[in-house]
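To keep things clear, I will list the structure first and then write my remarks on it.
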Amino acid sequence: MLIDIKNRQPKDWLNILNPEQRDAVETTEGPLLVLSGAGTGKTRVLTSRIAFILERNLSKPWEVLAVTFTNRAAKEMQLRVGNIVGSVADSIWIGTFHSIAAKILRKYPKLVGLENDFTILDQDDQLRLLKQIIEDNRFDLNNFSPKILMSWIQFCKDKGLAPENVPFEMMGELSICNVTDLYSKYQDKLRSLNCVDFGDLLLHCLNIFRDNEEVLRNYQDKFKYILVDEYQDTNVCQYLWLRLISQKYRNLCCVGDDDQSIYSWRGAEVENILRFENDYENSKVIRLERNYRSTPNILYAASSLISNNKERLGKNLTAANSNDHEKGDKLTLRGVWDGEQEALWLVSEVESLQTRGNLLSSIAVLVRAGYQTLEFEEKFINAAIPYRVFGGPRFYERLEIKDIIAYLRCVCSDRDDLAFERIINKPKRGIGESTLKKIRTNSRVYGVSLMQSSRDLLETDEFRPQTKKNLNLLLVFFSEWRKNLNSSTPADLVNKIIEDIGYIEILQKDSSQDSQGRIDNLREFSRSLEDWDTVKSFLDHVSLVMENEVKLTNNFVTIMTLHAAKGSEFDNIFLPGWEEDVFPHRRSLDEKRVGALEEERRLAYVGLTRARKKVYISYAANRRVYNQWQSNLPSRFLSELPNEILDIITETGVFIGGKQDSSSFNISDLDQDKYQKNKINLSVGIRIFHQKFGYGKIISIDNNKLSIKFEKAGTKKVLSSFVELPP
DNA sequence: GTTTATCGTATTTTT
DNA sequence: TACGATAAAC
């Protein structure tokens, strides 16, 4: 594919750009903000800009830094730049914030008190570590859960704050317990274990730049051109980092879209993009508003929706290939009785798309939250339609894989206590809580690693004979594996480990459903290791690139969360679950922050703008949540879509406004106030009939939500539009 | 001392 | 439902 594109006229990639895009590519000097709406060719601008810089010989490839948020985006950029400029693209610094920071940190670990081979912890390890610290120090934390405390610590790190710099105001309701103390202890522990967490990668890197002028100058001199993708998603720490590193040449090009900012919960600050012009003197702003992706109808829907947000810079997307006669299909809006019917309907629409000649790979189902994928998976399996869930439990996060990785980590480092704790009794070898406690206490007293502590204790009679024997065997294995560390390939080493500890046999004995799948995963894992020369380089890859290699095999429907969908596009998009409390998510409604709802709306905007041709939105009146029936109102976002471009189909038997006539259904009917007017007279005590639950009496009324005591089904909450007066 | 069973509770999004 | 913490059984 390289050859094919390289054979084009050298200027081709430049000439296909529209004037604004071209301006963004050619304005190489000085700070530049590119406000790039959905589908306006953002990636094309970024890649062309890099190609332009290289082609004009403005800098060497290794003097260009391009940062993205996801590994996927980084990979794509690498590929597309490579398509234009060829193999020199390999020496450009392209990567995620985290991987670039890790690369720099690996060069200067000592400056922040780390050793060369520090380990990057994942969330699981972070949480376990924090729990341990809470226990060890007997912290009184007022019933705040470790999870909450962990996210607070991450929050501080996102802001670029070390424990000693956290201002009192930031502690919020956590100020009643000494969280900063905990944070500080957590950092100490990480350092003593020679570990970092995700937030540290950036924070340490930032601190290196702050405290070591020569190092900073080194990188400032190096990077003549800096490009940032998805700038609206940067947090304070990343913002400060960028400011420092770009200070010398000031050739900083940030590309982003405030309407697609959906990561504030992870510390992202839209403000970064809103204040770009103030922050960087003599900066230029270019707006990309020509959308090459979606039909006019889809854009109209998306624009109407997003115009309900107040905090935005404001952009008007127009369809680049617009033409008054061809507005594209209307959006399909489907209301159904319950979640199951929604899934059945969705699958049947997929089948119909397929018979009309659409590839399954042109179809995506975008959900608000991970748990929603299950229902669709089931129905796809029944219909024998191939699908793939992205962003589900990721390969390296599977338990069995994590176990083996923990073994590898222990082989590499004697000091990796977290990994050691994970595997000391996995598979079960009779080493339980009390033995572990002894090892821990001993290690704390003497300041040695758990593994060293175990070795020391084995010299004594502290353990029972059986325990002693088992633990000793494990340690003997480790010293053997370490001998092989440099002589054999990582794949061979893993196979040896799996065999020595009898992992496969244990899985085989366990006759549970997924044990075969786990064995397959292990095989797959050792196969994937064949691409790596050293265990260490592989471990780094694992912690930074959590995704499994995406197999671009065949033809399948994509199922993923709206968050994961950002940056991708499909001909046909399904957006199920548009109900209050599901989407917008309840958590965002509970939150007092005004911005929370606006972020949900941006998420809806992202969803709509993924589609090239056709959008299907659906909602279910009832849903089973944790084995309980719950009735939901249609999402408020539905009433923000223009009526004239919707094809509305409600299921037979779903009553809206007391009428079964679907043609008279109007979106504004969803508006609660208007809705109240044409409903039947309901009051407490009245006997009613409900399609699914039968007869019952109303016990209370809350707007149009009714609590009804059914004669057979018990007490349920039901939407008033779904009840009838008995004949 | 270790493993298994039961109970109760909290449920987003991800580098 | 699914996981984690605690209680009973091996």
Side-chain angles (χ1 to χ4, degrees), chain A residues 67-74 95-102 120-124 126-128 131 135 143 145-148 151 154 157-158 196-203 229-230 233-235 237-238 260-268 366-375 390-394 396-397 399 424-438 462-468 470 542-547 560-567 577 581-591 596 599-600 602-604 606-607 624-628 630:
Chain A
V67 264
T68 63
F69 273 82
T70 63
N71 292 301
R72 202 178 69 197
T96 61
F97 272 102
H98 295 268
S99 71
I100 300 277
I120 302 164
L121 299 185
D122 65 12
Q123 253 170 344
D124 211 53
Q126 289 172 37
L127 203 61
R128 284 196 304 152
K131 280 181 189 163
E135 224 172 279
N143 289 341
S145 72
K147 260 189 192 160
I148 299 225
S151 63
Q154 287 307 332
K157 291 187 175 183
D158 288 341
V196 297
D197 65 18
F198 271 107
D200 280 342
L201 287 171
L202 284 153
L203 189 56
D229 190 16
E230 309 279 15
D233 288 336
T234 47
N235 60 37
C237 190
Q238 291 159 338
Q260 290 186 69
S261 161
I262 52 177
Y263 281 107
S264 74
W265 50 273
R266 214 175 65 186
L366 309 183
V367 295
R368 172 65 245 260
Y371 70 87
Q372 292 175 278
T373 61
L374 255 162
E375 196 138 38
F390 283 81
R394 282 173 291 184
Y396 295 130
E397 273 175 347
L399 288 180
I424 191 167
N425 198 30
K426 216 171 256 180
K428 296 201 164 56
R429 46 174 73 89
I431 298 170
E433 200 50 45
S434 63
T435 309
L436 193 57
K437 217 168 211 163
K438 280 179 198 161
E462 198 64 50
F463 304 133
R464 300 185 324 181
Q466 189 60 34
T467 314
K468 197 167 173 177
N470 289 338
V542 167
S543 32
L544 286 169
V545 186
M546 291 299 286
E547 302 155 35
M560 57 182 162
T561 64
L562 286 159
H563 282 90
K566 195 166 67 163
D581 288 359
V582 176
F583 188 41
H585 196 279
R586 159 158 248 139
R587 281 279 256 265
S588 70
L589 297 172
D590 289 346
E591 227 179 303
E599 181 147 323
E600 292 288 302
R602 291 195 290 268
L603 207 45
V606 167
R624 197 156 53 180
V625 185
Y626 305 120
N627 239 359
Q628 277 189 343
Q630 200 182 59

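A quick note: this is a predicted structure, and the numbers were derived from the prediction, not measured. Here is the naming used below: chain letters follow the sequence lines, and residue numbers restart at 1 for every chain.
- Using a 4.0 Å cut-off between charged nitrogen and carboxylate oxygen, A:D200 and A:K157 count as a salt-bridge pair.
- Comparing A:A369 and A:T96, the nucleotide of DNA chain B nearest to each residue sits closer to the 5' end for A:A369.
- If you measure from atom CZ of A:F69 to atom C1' of B:dT13, you get 15 Å, rounded to the nearest angstrom.
- Of the residues listed (A:V67, A:L201, A:T68), the one engaging A:I100 in a side-chain contact (heavy atoms from CB on, under 4.5 Å) is A:V67, and it is the only one.
- For a distance-only test at 3.5 Å, the side chain of A:R266 fails to qualify as a donor-acceptor partner of the base of B:dT15.
- Comparing C:dA5 with B:dT12, their C1' atoms are spaced 24 Å from each other, to the whole Å.
- You'll find that the side chain of A:A564 is closest to B:dT14, out of B:dT3, B:dT15, B:dT14.
- The shortest side-chain heavy-atom distance between A:H563 and A:L603 falls under the 4.5 Å cut-off.
- Atom NZ of A:K566 sits about 12.5 Å away from atom CE of A:M560, to the nearest 0.5 Å.
- Among B:dT15, C:dA5, B:dT13, the nucleotide with an atom closest to any side-chain atom of A:T561 is B:dT13.
- Counting any heavy atom pair closer than 4.0 Å across all strands shown, A:Y263 reaches sugar-phosphate atoms only and no base atom.
- Nucleotide B:dG1 holds its P atom 16 Å from the CG atom of A:N470, rounded to whole Å.
- Backbone-only contact: A:G370 has heavy atoms under 4.0 Å from sugar-phosphate atoms and none from a base.
- The distance from atom CG of A:L127 to atom P of C:dG4 is 9 Å, rounded to the nearest whole Å.
- Protein atom CD of A:E230 is 13 Å distant from nucleotide atom C1' of B:dT14, rounded to whole Å.
- In this structure, A:K566 places its NZ atom 12 Å from C1' of B:dT15, rounding to the nearest Å.
- Here the P atom of nucleotide C:dA2 and the NZ atom of A:K147 are 14 Å apart, to the nearest Å.
- Rounded to whole angstrom, the span from the NE2 atom of A:H563 across to the P atom of B:dT14 amounts to 7 Å.
- If you measure from atom CD1 of A:I262 to atom P of B:dT15, you get 11 Å, rounded to the nearest angstrom.
- Across B:dT15, B:dT12, B:dT13, the shortest atom-to-atom separation from the side chain of A:W265 is found for B:dT13.
- Interatomic distance, A:I120 CD1 to A:Q126 CD, rounded to the nearest 0.5 Å: 11.0 Å.
- OP1 or OP2 of B:dT3 has at least one side-chain nitrogen or oxygen of A:N425 nearer than 4.0 Å.
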